[in-house]
Amino acid sequence: MRKKLIVANWKMNKSVEESLEFLSGIEQNLSGLKYDLVICPPFISLFAMKAKADKLKISLGAQNCFYENSGAYTGEVSPHALADLGARYVILGHSERRNYFHENGKVINKKILKALENNLKVILCVGEDALQRHERTEIEFVINQLKECLHSVNSEDILRITIAYEPVWAIGTGKIVSSKEAQEMASKIKDFISQSYGNFLSSKISILYGGSVSKENYKEFLSLSCIDGILIGGASLDLKNFIDIITH
Ligand code: 13P
């Protein structure tokens with residue numbers, strides 16, 4: 001059985017020094033990992049963290065990348081350069097990118113294709129906001145996000161994408177979906193992948209849950225057979241909290 005995946009999205013938090021201190025803290029508290037672990041720090045910490053992360057068998061991921069490898073794109077970060085420095089994953093389609101930086105499905109799709117071309121694994125975030133949940137249109141909404149974002153992703157590449165279901169209303173709010181709601185969404189996502197890529201690939205694709213995951217509730221999500229891991233924001237920033245989650 002494959003290990004479940006725990007992904008820490010640090011968002012715009014921690015300096016390089018703090019990122020390194022955090023890894024040293026993990027090193028002192030870790031004896032064998034039950035989970036596959038990915039940490040996505042700010043870009044500026046990736047290079048400095050690489051050697052120790054390798055030693056601890058923790059993969060590093062970026063929180064975003066551009067859809068070209070090089071060129072006159074001031075302030076953007078190249079997926080080629082990320083892969084070259086040893087990042088294995090990149091988070092794309094996060095609701096904070098969609099909302100604050102106006103990234104739409106087309107842009108996210110271009111980023112996904114370029115990231116895959118550079119052998120990065122993609123953590124694709126999808127999720128409805130409170131209004132859609134209220135109107136009971138969340139499934140249609142999420143499937144539509146998947147259609148847009150996965151446009152022309154082929155069968156050879158689909159398993160290099162992990163789908164993170166992150167309802168926007170649950171991010172940083174302390175609210176979470178019920179197990180039943182998480183299961184329902186995961187099964188609809190699998191149905192969509194099955195229709196687009198066949199049953200075999202659908203059975204292999206990983207689905208994460210994200211949104212207010214904490215040391216109080218993470219076990220509930222990790223125990224669901226249809227959920228292959230968790231994507232943690234706030235609760236991954238505090239060393240003690242994070243160690244509690246990854247060691248139990
Ligand atoms: P929180 O865990 O802080 O709700 O953030 C979730 C998230 O956005 C992870 O990508």
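Indexing begins at 1, ligand by ligand and atom by atom, following the structure's order.
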Taking distance alone, with no angle check, do Leu231 and ligand 1 share an N/O pair under 3.5 Å? no
Would you call the rings of Phe221 and Tyr209 parallel, tilted or perpendicular, where under 30° means parallel and over 60° means perpendicular? parallel
Quick one: does Gly210 get within less than 4.0 Å of ligand 1, heavy atoms only? no
Just to verify, which of Val142, Ile227, Leu208 counts as forming a side-chain contact (heavy atoms from CB on, under 4.5 Å) with Tyr165? Val142
Part of Asn9 within contact of ligand 1 (heavy atoms, under 4.0 Å): side chain
Heavy-atom contact check, 4.0 Å cutoff: does Gly172 meet ligand 1? yes
If I apply the N/O under 3.5 Å rule, does Gly211 come out as touching ligand 1? no
Relative to the heavy atoms of Lys11, which atoms of ligand 1 are at a distance of less than 4.0 Å? 5 (O), 6 (C), 7 (C), 8 (O)
Is there a nitrogen or oxygen of Glu96 sitting under 3.5 Å from a nitrogen or oxygen of ligand 1? no
Any side-chain donor paired with an acceptor under 3.5 Å for Glu128 and Trp169? yes
Salt-bridge present (Glu96, Arg98; N to O < 4.0 Å): no
When you compare ligand 1 with His94, is there at least one nitrogen or oxygen pair between them that comes in under 3.5 angstrom? yes
